[in-house]
Structure formats: structure tokens, C-alpha cells
*Asks:* 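Before we start, here is the structure in question, set down as C-alpha cells.
A note on names: the letters A, B, ... follow the listed sequences, proteins ahead of strands, and every chain is numbered from 1.
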Protein chains: 2
Amino acid sequence: MVEDEESLGYLLSEYLGMKGFQVTWAKDGEEALELMEKGNFDLAILDVMMPRMDGFALAERMRINAMELPFLFLTARSLKIDVLKGFALGAVDYLKKPIDEEELVVRIHTLLSRLIPEDRSMEQEILVLGQYQLDCKNQKLIFEDDFTTLTTREMELLRILAINKNNLCTHKEILIKLWGDNDYFNRKSLNVFITRLRNYLKKDDTLKIENVHGKGFILRIPNIA
Amino acid sequence: MVEDEESLGYLLSEYLGMKGFQVTWAKDGEEALELMEKGNFDLAILDVMMPRMDGFALAERMRINAMELPFLFLTARSLKIDVLKGFALGAVDYLKKPIDEEELVVRIHTLLSRLIPEDRSMEQEILVLGQYQLDCKNQKLIFEDDFTTLTTREMELLRILAINKNNLCTHKEILIKLWGDNDYFNRKSLNVFITRLRNYLKKDDTLKIENVHGKGFILRIPNIA
DNA sequence: ACAGGCTCTTAATCTTTCATTAACCATTTT
DNA sequence: AAAATGGTTAATGAAAGATTAAGAGCCTGT
């Protein structure tokens, strides 16, 4: 929750805590962005009217920093233009003040129940990567008649890159999925694994793991017509 | 849409149809249930106050009949107890009358994008700039078969200009959005980036980044008839 | 219990990238 | 003409990334 106002912030964080949510209260946009870097949140509640960086600007910055965190706005400004702007920025809800705490709670529950169930249980077993094949279940990377046995981490990383081939996978996304936490050391680990995968994949020189500075990686696999 | 009132029902179904939705209008709960039996719907919009069977009762019946159709309520009764009851029944949203049609549209879009999993259009933002395409997620500026990887700042700046194509983007607006602060040095930085973008874009000489002295910049893209 | 593989993390070091700043010139406004 | 604003190019330094090697756990079998 990002809320500059002491009284409302206190009231809401206490109330939501009482209702079983784990709430972290940031008092301005800067603080919020720092906290979000760590990454372990399910939903952000942003006040629109804040002195230094308003909620809209914060949402914009979140997008720029590639935070894939759903957010909703709280605001007294119920002008139509603001509501539309809010949704245009990608908000999942837009609540007008005065906030009714109980309503907020049920709306959060509704949103979370829609947002969290992201089960990827039905994944493909064998992914084709250029001249390679990745057998996820057996953790084999197959090239012609030969194969390498990958470690669990290597396989999971390659699998994420492969599923999103030719599309950016952000550090955050990868780290949260594989390490459960986005910090300095895990990020270093990730680099080591990227190097390993690059080595494994160099038999097919059309495959490239590209880096997008400050953002993440892209496994580039040329599309053959 | 289930709405007993002639005028509002007509207005809304027309408006939503105009906005590209395929709308079926049921005038009471019974009719709604029949239609739902056979029809393939994505979302139900239920008025709460209806004479024979109200929206809540209808939602209850839908649950009993195991219809797994997401629904939202429209109502003039904004009593807290009603809002809570609405969500308790499984509503995905609860909108208070008077309805603002535009807000309704964006809320429906937001809901559908969350509810229909295959919708990846949100992330795949690709803007067309003359002969170029800007792939925002991957930070690529594509020209024919070739592409350049842009830095984050370059991409964000070009994105803002592109979204407001042929319209002025003020320095202030840009600086607040990308740098979070509007001062002398950031402004100098902005100039450097504008120069870079002009370089990237010169393969299509119909594209121009114009300066409006003392105000800001305009990305001019001729509209082809 | 402990030796020997594995696997992952941490460290150390080197390379690359990119936003910023500076320096200087051009253009526009007053 | 002076002052302010805008444009371009290049240098700089901090941050991010790449690579290699060493260290720390963790199984497994004896």
C-alpha cells in the first residue's frame, strides 16, 4: 500500500492486517519502488493524490521498471478522465474515496482470486530450440544423437527462456520464479547460469541468448518460414 | 446484459455494441437464464433492482445451475451491505449508478483481459511509426527485416512521443514521466536522447521529431489516406 | 561417519553498456 | 545584439553483465 496520509495509511494497514493480509506500507513513491524491487508482492494499492510522486506517475514508473505487479487506485478524484487514465495505465480496479474498508477487502479478495491462480501445470514436455530439443521431464538437452543432462536450475531457466522465445524475460520474473527472491546474489547466480546455457547452446549458432541491459534476457530463435 | 429498464437497457446495449462488444440484452432473470443455457457468453452484466427476479437472486440461480459465467452488478443501491452481498455472491465487479458508459467499457475490458487467459495483447505493445515498428516489451525498433535494440530510456521516450503522435509532448510531461524530476540537467539529457532518436528514425524521412520552442516536442507521422 | 561426486553460490576480475555531463555550435526569441 | 533555448558530439564514470574459479552444501554409498 502506498499512501502518504498518516491517518488513512495507519487505519488501512491495521485493518487489512487484521483481515489476514500481509501489508507493507510505503509512504511515498520512491519508498514503494525500492520495496517493490524485492518483488514479493501480489497487489499494490496506490493512492492517486500524493505530494512528491502521484499514483499515476508511480504506476508509470512501475511499468518502466518492468514490475509485473497488479495495482489498483484509491482516490478522491472521481473525475471521469482520471478513472479512464487509471485503467489506461493498467489498473485492475479504481476505488473512489471515501473508502469503505469492508468493500476494499472484498474487492481485494476478488482481485487476488482472479490474479493468483496462474497454474502452468500443462506444459509441453519437449521444446524445440533450433537444432536442439529440450526434454523437460528428463532434463536432457538433445543435439542430434548426443545429449547433455542439465541440472534442475539449468533446465528450468532454459525452459522459461524457451517458453518465451524471442520475448524478453525480465530478471525479476526469472528470479521470482526460480529463486523466489530477487536480490543481488541470486542475480549473480543467474549470470553464471546464463553463461552455462550459452555454452551448451553454441553448437547451433543461430541461437542466441541476448541481454537487454537492466531488464533481462531474450532467447532468440530465428523463425523459419 | 440483464436490465429491465427499457431506456437504460437500450442505451447501454447500443453503446457497448458500438464499442465492439457483442451484446445480448435480456429483460428479466428468466429470459437471462434461458439465454445463458445455450449461449456462449464471456461476462454477464446484471442490474440488481429488477421486478420479478432481482440481480442477486439471478446470480444465486446462476450458481445453482453451475454456470461458470463471470458477472458484475449494476445498481443504484450503493448501500454497503449490498456491495458486500454482491461480491459474496461471486461478482467480479460492482458498479454504482449513475453508470458512466466509458468507465463501464474500460472496466469490462479490464475484466475480460484478466478473465480470458489467452489475451496477451496487453504485454505485446507494438506501435507503428511509419515504416518502423516499436516493440515496447522487447525494446526493439524494427525496420523491415532489421532491428535496433533501444535502451530503456530511448524506448520510453519514443513510446511517449509515439502515443501522442502529431501532438505536443511538453518537456515537463516527459521529464516527470521518465526522470521523475524536471530540472536543468535532465532537460539537457532529454536533448541528447532526442538527437539519438532522430538518428534512429532517419530511414523513414516522413517521420520528424519537431521542436516547439520553449514547450516540447512533437513526433510527426503523416496520416496516409 | 566420511569420501567423492554433483550442484549451486560466492568471489574475483574483466568487459561492456548507457545515462549523464561538458563543451561547443545553431537557432529562436526578446 | 543579447539572452535563452535547442542540437550535436564526445568523454566520463558508475552500473550491469560475462566469465572463470574457488568454496559450500548436499546426497549417496560404503
*Asks:* Mind calculating the distance between CZ (A:F185) and P (C:dT9) to the nearest angstrom?
*Replies:* 12 Å
*Asks:* Would you mind reading off the distance between A:I209 atom CD1 and C:dT16 atom C1', rounded to a whole angstrom?
*Replies:* 18 Å
*Asks:* Distance check needed: C:dT10 P versus A:D181 CG, whole Å only.
*Replies:* 11 Å
*Asks:* Other residues, nucleotides and ligands only: do more than 12 of their heavy atoms fall within 6.0 Å of NZ on B:K19?
*Replies:* no
*Asks:* What verdict does the ring pair (Phe, Tyr, Trp, His ring centres under 6.0 Å) test give for A:F73 and A:F56, after you've listed the backbone C-alpha separation in whole Å, the side-chain angles of each residue and the deciding distance to 0.1 Å?
*Replies:* CA-CA 9 Å; A:F73 288 115; A:F56 292 149; 5.0 Å; yes
*Asks:* What's the CG-P distance between B:N191 and C:dT27, to the nearest Å?
*Replies:* 15 Å
*Asks:* Whether A:W179 contacts C:dT9 is assessed here as follows: a side-chain N or O lying under 4.0 Å from the phosphate OP1 or OP2. Is that the case?
*Replies:* yes
*Asks:* Any donor-acceptor pair under 3.5 Å linking the side-chain atoms of A:Y10 with those of A:E5?
*Replies:* no
*Asks:* Do B:F41 and B:Q22 come within less than 4.5 Å of each other through their side chains, counting heavy atoms only?
*Replies:* no
*Asks:* The side chain of A:R196 is closest to which nucleotide in this list: C:dT10, C:dT29, C:dC8?
*Replies:* C:dC8
*Asks:* Rounded to the nearest angstrom, tell me the gap between atom NZ in A:K188 and atom P in C:dA11.
*Replies:* 11 Å
*Asks:* Return no unless some side-chain N or O of B:T151 is found under 4.0 Å from OP1 or OP2 of C:dC18.
*Replies:* no
*Asks:* Check for me whether the distance between the ring centres of A:H171 and A:F217 falls short of 6.0 Å.
*Replies:* yes
*Asks:* Could you state the NZ-C1' distance from A:K215 to C:dC18, rounded to the nearest angstrom?
*Replies:* 13 Å
*Asks:* A:L201 versus A:L158: any side-chain heavy-atom pair under 4.5 Å?
*Replies:* yes
*Asks:* Just the endpoints, please: which first and last nucleotides of DNA chain D, 5' to 3', lie under 4.0 Å from a heavy atom of chain B?
*Replies:* D:dT5 to D:dT9
*Asks:* Would you say A:S189 places a side-chain N or O within less than 4.0 Å of OP1 or OP2 belonging to C:dC8?
*Replies:* no
*Asks:* Measure from CG on B:L178 to P on C:dC18 and round the result to the nearest Å.
*Replies:* 16 Å
*Asks:* Yes or no on side-chain contact (heavy atoms from CB on, under 4.5 Å) for A:W179 and A:R153, after CA distance, side-chain angles and deciding distance?
*Replies:* CA-CA 9 Å; A:W179 277 265; A:R153 279 265 202 279; 3.4 Å; yes
*Asks:* Just checking, is any N or O donor in the side chain of A:K215 or B:Q139 under 3.5 Å from an acceptor N or O on the other one?
*Replies:* yes
*Asks:* Please give, in whole Å, the distance from C:dC18 C1' to B:M155 CE?
*Replies:* 15 Å
*Asks:* For A:F217, answer base if it contacts any base atom (sugar-phosphate contacts may also be present), sugar-phosphate if it contacts only those atoms, and nothing otherwise; contact means non-hydrogen atoms under 4.0 Å.
*Replies:* sugar-phosphate
*Asks:* For B:N211, report the nucleic acid contact type (base, sugar-phosphate, nothing); a contact means any heavy atom under 4.0 Å.
*Replies:* sugar-phosphate
*Asks:* Could you tell me which non-hydrogen atom of A:N211 sits nearest to which non-hydrogen atom of A:G216, and how far apart they are?
*Replies:* ND2-O, 3.3 Å
*Asks:* Pull out every residue in residues 157-169 of chain B that has a heavy atom closer than 4.0 Å to any atom of DNA chain C, ordered by number, or say none.
*Replies:* none
*Asks:* Side-chain contact, heavy-atom cut-off 4.5 Å: B:N186 with B:N182?
*Replies:* no
*Asks:* May I ask you to verify if any side-chain N or O of A:R153 is less than 4.0 angstrom from the OP1 or OP2 atom of C:dT9?
*Replies:* yes
